[in-house]
Amino acid sequence: MTVATALGVHFVDLRTQTQALKPAIMAAIEAVLDRGDFVLGKDLEAFESEFAAYCDTAYAVGVDSGFSALELALRAAGIGRGDDVITQANTFIATVGAILAVGARPVLVDCDADGAMNPDAVATAITPRTRAIIPVHLFGRIADMEPILSLAADRGLKVIEDACQAHGAVWRGKRAGSFGLAGAFSFYPAKNLGALGDGGMLVTNSAEIADAARILRHYGQRVKYEHEVTPLNHRLDTLQAAVLRIKLPHLDGWNDRRRKLADAYRERLADLPIGLPAAEEGRRHVYHLFVIGVKDRDGLRAWLGKDGIETGIHYPIPLHRQPALRSLGYQAGDFAQTERLAAESLSLPMYPELRLDELEAVTDSIRRWFHR
């Protein structure tokens, strides 16, 4: 047993990053306290400008979660009751929750063998009721956007990206969130760019979408007490924006570190009967999660746990089998690839501060399990 294993390897450990940035974070928080602009304050406006520039979009609208970013993107696009929105069955429930929140009907499609949205499945699912497609940049890898965008253009559909796990990913010169009508990001603390609590951002090149989202997030008002549309409260707190401004300049470096760790995992596990995420050229994948595929996933997970190694499962119950979504009418077996991934996927420790000896403790334990 290595020293790292004896001490335990966390699935995610936010403490090291927080401690390294603590002086700057505390100074930013104190500046907000001194100004007292806690709601829609100076740092929020500045962070919106900085994040929009980072994503190569014209606008960014700070909101309270990735869920809200998706919901407001749909509302701003005029999608609601009587409309269908296509998304993939292998995603976090927030993707579908946002569709339900606006009164639309989620239409699920299966993924490909790697977990990405299958454009052929999307094409088959389109009906006269379909208004939008939400591809998910799952685990930090930009989806196959070209065929999805082409299909959407041909059929007159809107594309809203669920980029909640893909901060900083780049494909063919474009940032995640900049491909469609709008993109949604989450700043949940464990994300590649995480706040000290919940937060989110809607990005877009549409002035109309940005304007509608700003009104929607703030009780449906431009002018105080003059409410034009549905009154919602989905604002990103100024304190969280101040913290995220400190972190944003580090994001590309953190993502580079994640890619190096992913390469190290692949190098040390390549000869085992494991499904590994393929190496991607450039910065298409930012490895919010490093997910492997194993036939006896639960057995390996239990083994790693005994060695003090934390792991995750993303996601153990597919959306079409969730009790809360039973009314959608799907059955077990409807999405074969999604169900296979739910049964075999195992997420290994992945965060920029993960040390190489800790990663080697993980891979050594996995190798011992296969060779036991």
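- Looking at every heavy atom in both residues, L341 comes nearest to C111 through CD1-SG, 3.7 Å.
- In this structure, D334 CG and L319 CG are separated by 12.5 Å, a value rounded to the nearest 0.5 Å.
- Remark: the Q165 side chain and the H137 side chain contain no N/O donor-acceptor pair separated by less than 3.5 Å.
- Side-chain polar atoms of D43 and T238 form no donor-acceptor pair below 3.5 angstrom.
- When all heavy atoms of M350 and Y287 are compared, the closest pair comes out as CG-O, 3.3 Å.
- E228 contributes no side-chain N or O that, together with a main-chain N or O of G220, makes up a donor-acceptor pair within less than 3.5 Å.
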Working for side-chain contact (heavy atoms from CB on, under 4.5 Å), residues V107 and T130:
CA-CA 9 Å; V107 175; T130 306; 5.9 Å; no
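- For the atom pair I292 CD1 and I366 CD1, the distance stands at 4.5 Å (nearest 0.5 Å).
- In this structure, S365 contributes its side chain and V362 its backbone to no donor-acceptor pair below 3.5 Å.
- Under the 4.0 Å criterion applied to side-chain N and carboxylate O atoms, D263 and R268 are not assigned as salt-bridge partners.
- Smallest separation of non-hydrogen atoms from T18 and L14: OG1-O, 2.8 Å.
- Note on M117: it clusters hydrophobically with V96, by side-chain heavy-atom contacts below 4.5 Å among ILVMFWY residues.
- A heavy-atom distance below 4.5 Å is not found between the side chains of F179 and V159.
- Contact annotation: the side chain of N118 never approaches that of D110 to less than 4.5 Å [non-hydrogen atoms, C-beta and beyond].
- Proximity of a side-chain donor or acceptor of R155 to a complementary backbone N or O of A123 within less than 3.5 Å is not detected.
- Atom CH2 of W303 is separated from atom CG of D296 by 12.0 Å, given to the nearest 0.5 angstrom.
- Shown are F185, W254, Y54; of these, the ring-ring contact (aromatic ring centres under 6.0 Å, His included) with H167 is made only by F185.
- With contacts defined as side-chain heavy-atom distances shorter than 4.5 Å, the pair V85/I134 qualifies.
- Checked for salt-bridge contact, D307 and R368 meet the test: a charged N lies under 4.0 Å from a carboxylate O.
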Start with the C-alpha distance between D211 and R222, add both sets of side-chain angles, then the distance that settles salt bridge (charged side-chain N to carboxylate O under 4.0 Å, His left out), and finish with yes or no.
CA-CA 9 Å; D211 185 57; R222 300 174 197 268; 2.9 Å; yes
Please lay out, stage by stage, how T57 and N205 fare under the test side-chain hydrogen bond (donor to acceptor under 3.5 Å, both in side chains).
CA-CA 5 Å; T57 59; N205 284 311; 5.1 Å; no
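- Taking the six-membered ring for Trp, Y351 and F11 have ring centres at least 6.0 Å apart.
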Pair D252-R175, salt bridge (charged side-chain N to carboxylate O under 4.0 Å, His left out): steps then yes or no
CA-CA 12 Å; D252 284 342; R175 292 270 193 187; 3.5 Å; yes
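- Centroid-to-centroid, the aromatic rings of F51 and F187 come within less than 6.0 Å.
- Side-chain contact of S65 with D198: a donor-acceptor pair under 3.5 Å is absent, judged by distance alone.
- Under a 3.5 Å cut-off, the side chain of T91 and the backbone N or O of Q88 do not form any donor-acceptor pair.
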Just do the side-chain contact (heavy atoms from CB on, under 4.5 Å) check on L21 and H250 with the steps written out, would you?
CA-CA 10 Å; L21 297 177; H250 300 275; 3.5 Å; yes
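- In this structure, the salt bridge (charged side-chain N to carboxylate O under 4.0 Å, His left out) partners of R217, at least two apart in sequence or on a different chain, are E48.
- Side chain of R283 to main chain of V170: no donor-acceptor pair is present (N/O by atom type, distance under 3.5 Å, no hydrogens or angles).
- For the pair D298 and R301, the salt-bridge criterion is not met [side-chain N within less than 4.0 Å of a carboxylate O].
- Here the straight-line distance linking atom CD1 of I29 with atom CG of L196 works out to 6.0 Å at 0.5 Å rounding.
- Atoms CZ and CD, from R15 and E353 in turn, are 11.5 Å apart once rounded to the nearest 0.5 Å.
- Listed here is the closest heavy atom pair of A361 and I309: O-CD1, 3.7 Å.
- The aromatic rings of H320 and Y330 sit perpendicular, their planes meeting at an angle over 60°, well past the 30° parallel limit.
- The CG atom of L70 lies 8.5 Å from the OG1 atom of T87; values are rounded to the nearest 0.5 Å.
- The backbone N or O of A169 lies less than 3.5 Å from no partner atom in the side chain of R284, so there is not a single donor-acceptor pair.
- Around CD of Q322, the count of heavy atoms belonging to other residues, nucleotides or ligands within 6.0 Å exceeds 12.
- With sequence neighbours excluded, the residues that form a side-chain contact (heavy atoms from CB on, under 4.5 Å) with K295 are E344.
- Smallest separation of non-hydrogen atoms from R259 and V286: NH1-CG1, 3.7 Å.
- Contact of the H234 side chain with the F67 side chain is not registered, since no non-hydrogen atoms from C-beta on lie closer than 4.5 Å.
- Residues M145 and R172 are not in side-chain contact: their nearest non-hydrogen atoms beyond the backbone lie 4.5 Å or more apart.
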Could you walk me through whether L236 and V61 pass side-chain contact (heavy atoms from CB on, under 4.5 Å), step by step?
CA-CA 9 Å; L236 177 62; V61 181; over 6 Å; no
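- Under the side-chain contact (heavy atoms from CB on, under 4.5 Å) criterion, S186 pairs with C164, Y188, K191, not counting sequence neighbours.
- Closest non-hydrogen pair, I209 versus A182, comes out as CG2-CB, 4.4 Å.
- Using a cutoff of 4.0 Å between basic side-chain nitrogens and carboxylate oxygens, D364 and R367 are not scored as salt-bridged.
- With sequence neighbours excluded, the residues that form a salt bridge (charged side-chain N to carboxylate O under 4.0 Å, His left out) with D37 are R35.
- For the pair Y219/N233, a side-chain contact is recorded, criterion being any heavy-atom separation below 4.5 Å from C-beta on.
- Every residue two or more places apart in sequence or in another chain that forms a side chain to side chain donor-acceptor pair (under 3.5 Å) with H218 is listed here: Q221, R235.
- Counting only heavy atoms from C-beta outward, the side chains of F139 and F290 never approach each other to under 4.5 Å.
- Residue pairs that meet the salt bridge (Lys or Arg N to Asp or Glu O under 4.0 Å) test with at least one member in residues 68-91, sequence neighbours left out, are E71-R75, D83-R131, D84-R105, D84-R129.
- By the 4.0 Å N-to-carboxylate-O rule, R141 lies too far from D114 to be salt-bridged with it.
- The closest donor-acceptor contact from the side chain of E358 to the backbone of R355 lies under 3.5 Å.
- Remark: side-chain polar atoms of S68 are not paired, donor with acceptor, to backbone N or O of D64 under 3.5 angstrom.
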Could you go through the side-chain contact (heavy atoms from CB on, under 4.5 Å) check for L276 and Y265 one step at a time?
CA-CA 9 Å; L276 295 170; Y265 269 129; 5.8 Å; no
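- Within the 4.5 Å cutoff, the side chain of P318 has no heavy atoms near those of the N90 side chain.
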